[in-house]
Structure formats: structure tokens, C-alpha cells
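See below for the structure under consideration.
Start at 1 and go down the list; that is how both ligands and their atoms are numbered.
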Amino acid sequence: MIAIDGPAGSGKSTVARTVAERLELPYLDTGAMYRAVAFAALRRGIDPADELPVARLAAKVELSVEAGVVTVDGMDASIEVRGLEVTRAVSSVAANPAVRAELVARQRRWAAERCGGVVEGRDIGTVVFPDARLKVFLTASHEARSERRAREVTDLDYDAVAADIARRDHLDSTRVADPLQAAADAVVVDTTGLGIDEVVAAVLDHLGGLTG
Ligand code: CDP
């Protein structure tokens, strides 16, 4: 099991996907699962901050995240889960302890069925797979992360992206349930000024350096 955690725009998704490809391991984007629950809530007119109905929804919603395709209740929501509305709603859904318990259980099932893989998120090395063989925590300056994300999205300019990232950083790091933080035994890589290939090489180096 390889756990890759970090804040928005740290390069997690691209790095995790590339490492998984190189090692021919299955890959899971857990952020997409939290986004899928937020999407399902919005579609049903449920307030994402309303804990009980969102928890009930998380327990029963059918969702899959496979090869970049996010399916919610049998519907392809890959585009919608990356949109503005879901991005605004996702942090309150992710702060809901019952939602986290449900999704963590699903993530562990996913890994058990595949005998491991590369899993990325916010709490993978700390909570979901504390025994992961390698834990990586990616960071980068707020400006670098905002620039990267601003290049990816079309519906927001740099200032709006930077504000959104600062807002989510704050919510994700200060929430009571499984806040964003590096595991004590994680390898921390500051990706400011580094290209994807350099970060991937650093991760593979650390993996190669492990014994057993
Ligand atoms: O890609 P980006 O960093 O924008 O976000 P993401 O990885 O898709 O995650 C979206 C949100 O889900 C984060 O802001 C967290 O609130 C939440 N999340 C979480 O709480 N725990 C995880 N393991 C993954 C995501």
C-alpha cells in the first residue's frame, strides 16, 4: 500500500496516478468519493452541512471511482464532481464523521479486494492505512498550488482559485474528524518548483530505499 496525502494543488492526483501506472498497481482517488457524496446531496436538495441526512445518504449511495470516471447512482458525474458547486460543498461533507466512517470503510474494502494499491487523499497515511508501506505527504507553497489549480479549471480566475484553496486548506486542517496532516512517519516532499517527473522519481526512490 502506498499512501499519498496533501492539500489541494500539491500535485497528489497526477503523482499518485503516475506512480500507480509505473508500478502497475490499482489507484484510488478518495477525494472523488467525498465529491461524489457532495454531488449526490446537492442533486437531492439536501443541505451539505445537514449532518444526519448527508450521513444517511452516504450509507446508501451507490458510487464508484474507476479510471478517472466517477459514477453516482449509476450516472456519470465525472465532470460535475469537479465543478464549482461541488467544490464549495465538499469540505462540509468531508467534516461529517459519519460520512468519513462510511467512506473509510469503503476505501479499506477497495484495497482488500485488490491486495493494495496507490491511494491518495488527506487522511490515508494517518487514518485509512496507518500501516501503509510508504507514506508520502506532498506540500507546496500556496501560490504554487493556486497557479497549478488555476491552469486546470476554466470557470475561475487565479484570485478566486487562491481564495478557494485557502478556504479549503483551513477547513480541512482544522476540522475535528481526521484533519489534513502528515503522518509522523510520512516522507514530506515540497513540490514547489518541481515538475511531476521529479516528484514521481522522488517517490519511487523512497520506495526503492525501503527494505523488506
Ligand atoms: O483535488 P483537490 O485537492 O481539490 O480535492 P480532492 O482531493 O478532490 O478532495 C476534495 C475534498 O475532499 C477535500 O477538500 C477534503 O475536504 C475532502 N477529502 C477528505 O476529507 N479526505 C480525503 N481522504 C480526501 C478528500
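- For the atom pair OH (Y34) and CG (N96), the distance works out to 10.0 Å, reported to the nearest 0.5 Å.
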Can you produce the list of protein nitrogen or oxygen atoms under 3.5 Å from a nitrogen or oxygen of ligand 1, alongside each distance?
unit_1   : atom_1 : unit_2 : atom_2 : d
ligand 1 : 1 (O)  : R149   : NH2    : 3.4
ligand 1 : 3 (O)  : K12    : NZ     : 3.3
ligand 1 : 3 (O)  : R122   : NH2    : 3.0
ligand 1 : 4 (O)  : R35    : NH2    : 3.1
ligand 1 : 4 (O)  : R149   : NH1    : 2.6
ligand 1 : 4 (O)  : R168   : NH1    : 3.3
ligand 1 : 4 (O)  : R168   : NH2    : 2.8
ligand 1 : 5 (O)  : R35    : NH2    : 3.4
ligand 1 : 5 (O)  : R168   : NH1    : 3.4
ligand 1 : 7 (O)  : R122   : NH1    : 3.1
ligand 1 : 8 (O)  : R35    : NE     : 2.6
ligand 1 : 14 (O) : R122   : NH2    : 3.3
ligand 1 : 14 (O) : R168   : NH1    : 2.9
ligand 1 : 14 (O) : D172   : OD2    : 2.7
ligand 1 : 16 (O) : D172   : OD1    : 2.6
ligand 1 : 16 (O) : D172   : OD2    : 3.4
ligand 1 : 20 (O) : R100   : NH1    : 2.8
ligand 1 : 20 (O) : R100   : NH2    : 3.3
ligand 1 : 20 (O) : R175   : NH1    : 2.9
ligand 1 : 20 (O) : R175   : NH2    : 3.0
ligand 1 : 21 (N) : R100   : NH2    : 3.0
ligand 1 : 23 (N) : T30    : OG1    : 3.0
ligand 1 : 23 (N) : R122   : N      : 3.1
ligand 1 : 23 (N) : D123   : OD1    : 2.8

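- We find that D185 and K135 are joined by a salt bridge, their nearest charged nitrogen and carboxylate oxygen being less than 4.0 Å apart.
- Salt bridge absent: D29 and R17 never bring a charged side-chain N and a carboxylate O closer than 4.0 Å.
- Listed here is the closest heavy atom pair of R114 and E66: NH2-OE1, 3.6 Å.
- The number of heavy-atom neighbours closer than 6.0 Å to CD of E198, taken from other residues, nucleotides and ligands shown, is above 12.
- Taking Ile, Leu, Val, Met, Phe, Trp and Tyr as hydrophobic and joining them when side-chain heavy atoms fall under 4.5 Å apart, one finds F137 in a cluster with L180, V188.
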